[in-house]
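These notes concern the structure reproduced below.
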Amino acid sequence: MYLTKWTFASDDGTIVQIPVDRFRKGFVRAFKQRHPAARQRQALLKAGVEIIYEIGDEGCTSWRTAVKSLRKGDVLCIEALALLPDERIPGKLQPAADLIEALDEIRDKRAVIYETSTGRRSDNREDLKAMRADAIKALGAGGRSLPSAKAKENGGKGGRRAKVFTSRDIERAELVWSAIKKYPRWQDVKAALPDGFTVDRAYKLWGARHALPKSKKR
């Protein structure tokens with residue numbers, strides 16, 4: 001049985017549904033704390049993948065499991081290309097060489113690699129060149145970090161993402177935002193909002209409140 005859509009909370013906490021694309025498959029390889037599996041899976045769901053191959057799941061011990069399933073025109077989605085090659089094992093290919101072999105197999109299948117963290121695709125020559133360079137650099141450093149440009153975009157902290165709020169957080173924030181009598185001052189609102197939920201975010205979601213008394217300057 002195949003799903004037709006994924007349902008999850010977006011970055012601003014709202015519930016969204018993403019249609020499933022039967023030509024898209026996902027690959028997850030958790031790597032230390034830098035690339036948590038949960039973050040990778042959420043990005044793949046947003047990309048609309050039909051199925052996710054995750055290292056550690058039954059029957060998935062290598063990128064070859066995912067690539068074997070690819071057909072002409074398929075897209076293999078991954079957070080960063082550096083996560084594709086297998087770990088360094090004595091007697092096996094080094095990660096950088098393993099990466100080249102994986103890219104060759106994907107190309108031979110006339111399939112495409114798509115990086116969810118950058119939006120780059122292997123069927124674009126310049127994208128592929130940059131993806132490969134970033135991946136080999138990351139593998140050489142042993143950290144499999146996100147591409148440098150994306151790391152800077154995310155605050156220079158190895159791909160740290162914005163906080164994701166639950167539906168309960170959103171409901172609580174909306175109640176606070178609308179309860180003007182209970183939270184008449186801006187400092188009251190800020191103190192009552194869920195942790196990390198800003199006044200700016202609330203304004204974007206629900207618009208302006210009614211008149212609020214301004215804080216007196218000391």
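Keep in mind the model is a prediction, meaning the values are calculated, not measured.
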task: Check for a donor-acceptor pair, side chain of Asp98 on one end and backbone N or O of Asp86 on the other, with a separation under 3.5 Å.
output: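 Confirmed, Asp98 side chain pairs with Asp86 backbone.
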task: Report yes or no: does Thr65 contribute a side-chain atom to a donor-acceptor pair with the main-chain N or O of Cys60 at less than 3.5 Å?
output: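 Answer holds: no.
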Among Lys109, Lys25, Arg22, the one residue meeting side chain to side chain donor-acceptor pair (under 3.5 Å) with Asp74: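 So, applying the side chain to side chain donor-acceptor pair (under 3.5 Å) to Asp74 and each of Lys109, Lys25, Arg22, only Lys25 qualifies.
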Electrostatic pair Arg110:Asp123 at N-O distance under 4.0 angstrom: no
message: Does this structure show an ion pair linking Lys137 with Asp134, if we count only N-O contacts that are shorter than 4.0 Å?
response: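 No, this pair does not count.
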Just wondering, do [Y] and [X] contact through their side chains at under 4.5 Å, heavy atoms?
{"X": "Arg24", "Y": "Tyr114", "value": "yes"}
{"X": "Ile52", "Y": "Gln40", "value": "no"}
{"X": "Thr116", "Y": "Gln42", "value": "no"}
{"X": "Ile55", "Y": "Trp63", "value": "no"}

Steps toward salt bridge (Lys or Arg N to Asp or Glu O under 4.0 Å) verdict (Lys182, Asp188): CA-CA 9 Å; Lys182 188 173 182 179; Asp188 297 329; over 6 Å; no
Nearest heavy-atom neighbours spanning [X] and [Y]:
{"X": "Pro85", "Y": "Leu139", "value": "CG-CD1, 3.8 Å"}
{"X": "Leu193", "Y": "Arg172", "value": "O-NH2, 3.9 Å"}
{"X": "Ala102", "Y": "Leu84", "value": "CB-CD2, 3.7 Å"}
{"X": "Gly73", "Y": "Phe23", "value": "O-CB, 4.2 Å"}
{"X": "Ala82", "Y": "Ala135", "value": "N-CB, 3.8 Å"}
{"X": "Gly119", "Y": "Asp127", "value": "O-OD2, 4.5 Å"}

- request: Kindly work out whether a path of hydrophobic side-chain contacts (I/L/V/M/F/W/Y, heavy atoms less than 4.5 Å apart) joins Val112 to Tyr53.
  value: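 Val112 and Tyr53: separate clusters.
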- prompt: Would Leu103 end up clustered with Phe27 when hydrophobic side chains under 4.5 Å apart are linked, directly or stepwise?
  reply: yes
Distance from [X] atom [atom1] to [Y] atom [atom2], nearest 0.5 Å?
{"X": "Arg132", "Y": "Leu99", "atom1": "CZ", "atom2": "CG", "result": "8.5 Å"}
{"X": "Glu50", "Y": "Cys77", "atom1": "CD", "atom2": "SG", "result": "11.5 Å"}
{"X": "Leu175", "Y": "Ile170", "atom1": "CG", "atom2": "CD1", "result": "11.5 Å"}
{"X": "Glu115", "Y": "Ile78", "atom1": "CD", "atom2": "CD1", "result": "8.0 Å"}
{"X": "Leu81", "Y": "Arg120", "atom1": "CG", "atom2": "CZ", "result": "8.5 Å"}
{"X": "Leu76", "Y": "Leu44", "atom1": "CG", "atom2": "CG", "result": "9.0 Å"}

task: Check the pair Val75, Arg121 against side chain to side chain contact (heavy atoms under 4.5 Å, CB included), reporting the backbone distance first and the verdict last.
output: CA-CA 9 Å; Val75 178; Arg121 294 170 56 99; 4.3 Å; yes
